[in-house]
Novice: 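Provided herewith is a single structure, encoded as structure tokens, for subsequent inquiry.
A note on names: the letters A, B, ... follow the listed sequences, proteins ahead of strands, and every chain is numbered from 1.
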Amino acid sequence: MSKPLTKIFALVLALAACQTYTSEAAAQQSDTGGSAAGDFGPPQGDPIQAVLTSAPNVPPPVNRDYPAKVIVDMEVRELDMEISEGVTYTFWTFGSTVPGSFIRIRQGDTVEFHLKNHPDSKMPHNIDLHAVTGPGGGATSSFTAPGHEAVFSFKALNPGLFVYHCATAPVGMHIANGMYGLILVEPPGGLPPVDKEFYVMQGEFYTVGKYREKGHQPFDMQKAIDENATYVLFNGSEGALVGDNAIKANVGDTVRLFVGNGGPNLVSSFHVIGEIFDKVFQEGGSRYQENVQTTLIPAGGSAITEFRVEVPGTLIIVDHSIFRAFNKGALGMLKVEGADNLAVYTGKEVDNVYLGDKVMANELSIVSDIAEAQRSGMVTKEQQIQAGMVLYNGTCSVCHQQNGEGLEGIFPPLANSDYLMADQRRAVEIVLNGLSGPISVNGVPYSSVMPAMSQLNDDEIANILTFTLNSWGNEGGVVTSDEVAGIRAATERPEGAAD
Amino acid sequence: MRKFIELFIVVSLSAGLAQYSFANEFVHIPGGEFRSVIPEGEGDNLIAVADFLMQETPVSNAEFMRFVLHHPQWQRGKAVSLFVDDQYLSTWDNPISLGPEAGLLKPVTQVSWFAANAYCGWQNARLPSWYEWEYVAAANESNADARALPQWRQEILSWYSQVSGNGIDDVRNSTANYYHIFNIHGLVWEWVDDFSAFLVTGDNREQGGADQLQFCGAGAITMEQKDNYAVLMRVAMLSSLEARYTTRNLGFRCARKDDINQ
């Protein structure tokens, strides 16, 4: 057979394959019928009290083959709660949690919604459910003064994962204070069973004080208008999905995340470090994309992601608009337990780098043990080095590298560094107040910016420096907490840094 | 004889209250023009306020107790349910005893518009109009209109950022404003005479519709006068109420026409 003929043959094959593919695609495009196909007649059977859960838990599947009347009782409360360690914020909540309670119903159900505004509330509130077909999404019918209750009903005509939120003036402030949640309207056949389902919702917060500034922090309207978030969080607090609060699965499980984004302003680049979403139902709709790394979730929107976990370890949930993960708290953990599968993944976890200054909980316990010793003045140099290493790996190594060698010309080395070892006081000052402009380290010029790390406390800075002064061939002294405190008092922080 | 004993109790209670309470004076407020968050008509929102008198502080529990002792028909349990809801004066121990939760000098709350209106009538006064209230509320300690100052706005928003579980402070617990009025912000919400005229929709994103009436530029106002966000929230609060409603953070003070200066 001559060569050109082979080519033509191949081309025909290719066309045939293409043909098959497009007709399959066309078959997939048949639609669900939308709201016109969502009315299955009047509710049947006895009214059902909806099971509501707070994040990260999800109510059980509906498991019902007829439309029912479902009663949802939702209480609005204004509560002081922890937004970050040692930082409190007045949250306005649906069901005493941020995000609000998860609601799960079936397409065609008639929901009788009872919105109760607790007598202690200062504000009137209402609810706009994106699952409602009708002006305002229920907002006008549910406007409720403190100490009162509003009732309205709607039929859920479209299936999907929908956001609900408060729409009372000023809407932005009510959402910024945590008034949002998710309602899942299952298609008539339900969703395919999976091993684990979780509820994760992102939202950002605008506080008068800086990130992690201790004490009670009021809402800052100007920052909200400027879209300059202080915190970007999953499930309403920095600790909601880390350490002991991490969500858990076993090797081999298929995990389904119901992910919402309350906003008020930011869209989320939702990503799980160390996983690929097998399926993503974009925007919480009826179709899925496959094999996705990062999915965009609009403010006031959602996504359903599904993936099978193959190896044990900790998967890190982030907003891959990545400074939000490092510096504003947009970080959660999914801990997978089970046997190693070296064929799929070998070697060390890379979590440390991504964790930023949020070191693993068990490592942090070393830090807290030593902090105890530090308070009583009984700390040893070895303990300081041990604690300093944990903190260094969680924070400083991101630039200076775990081996202390930095990156030539960009991040100055700490290992065998003439600049570091020359002046201990200067080292403390740099950690506290940052450094910018040209310096020379081991004969190499550097001209970059290190931000002030003054959000670290005196103990932490003392430990980190004692570690660096005594690692990688450095042989130096001990930095004490008192020394750091003295320098903190004597020097001024640059603008924008924590005191 | 029984009648006499009751009278005696009333008199002695009144005397006891009087010694804890101070006079809640009516202060002269010089009239003027200002821009309200709520436009009176199309386009123009410059509002003229005539001279009037306004009480220095919100009405206290002690003052309101005196009122219900004189007017038993406004006591809890006796007041007609058309005029008050179930929670009327529920912070009080019983209809004629305040109890530990309702300090003498704390502002009275859980009062309906009808009850507040009746109280002011008893004082030969009335509730202030929204414009009168907003006019006085625009001030800080030193300026008649401090609304452009970020600090003014932040102070109000900070009050919104505190949960009310810890109880309410006494009246007169802060410095007086430019008009020598206390607690116009930061203590309680206050009824105004014409609260029901707002008709703000519960959904603040709606821009049209017949039920908008006075508030039809809500969205535009919030954008043009973001400094007034703080005041708009008060409008939203008032608009969620019916005249018989009472809430834990809602009190009132009275106003009166200024006969001497007019």
Novice: Measure the spacing between CD of B:Gln75 and CZ of B:Phe67 and express it to the nearest 0.5 Å.
Specialist: 10.0 Å

Novice: Against chain A, label B:Trp189 side chain, backbone, both or neither, depending on which of its atoms sit under 4.5 Å from a heavy atom there.
Specialist: side chain

Novice: Is A:Asp109 salt-bridged to A:Lys155, going by a charged N under 4.0 Å from an acidic O?
Specialist: no

Novice: Less than 4.0 angstrom from a charged side-chain N to a carboxylate O is my criterion; do B:Glu190 and B:Arg253 meet it?
Specialist: yes

Novice: With a 4.5 Å heavy-atom cut-off (strictly below), which parts of residues 79-94 of chain B touch chain A? List them by number.
Specialist: B:Asp85

Novice: Indicate whether the side chain of B:Asn140 and that of B:Asn177 have a donor and an acceptor atom separated by less than 3.5 Å.
Specialist: no

Novice: If the threshold is 4.0 Å, N to carboxylate O, is there a salt bridge linking A:Glu238 and A:Arg212?
Specialist: yes

Novice: What part of A:His125 lies closer than 4.5 angstrom to a heavy atom of chain B: side chain, backbone, both or neither?
Specialist: neither

Novice: Do the charged groups of B:Asp169 and B:Lys106 touch, with an N to O distance under 4.0 Å?
Specialist: no

Novice: What part of B:Glu242 gets closer than 4.5 Å to chain A, counting heavy atoms only: side chain, backbone, both or neither?
Specialist: neither

Novice: Can the ring centroids of A:Tyr180 and A:Tyr164 be said to lie less than 6.0 angstrom from one another?
Specialist: no

Novice: Taking atom types as modelled, is there a side-chain donor on A:Asn117 or A:Glu75 under 3.5 Å from an acceptor on the other?
Specialist: no

Novice: Could you tell me which portion of A:Ser142 (side chain, backbone, both or neither) has an atom closer than 4.5 angstrom to a non-hydrogen atom of chain B?
Specialist: neither

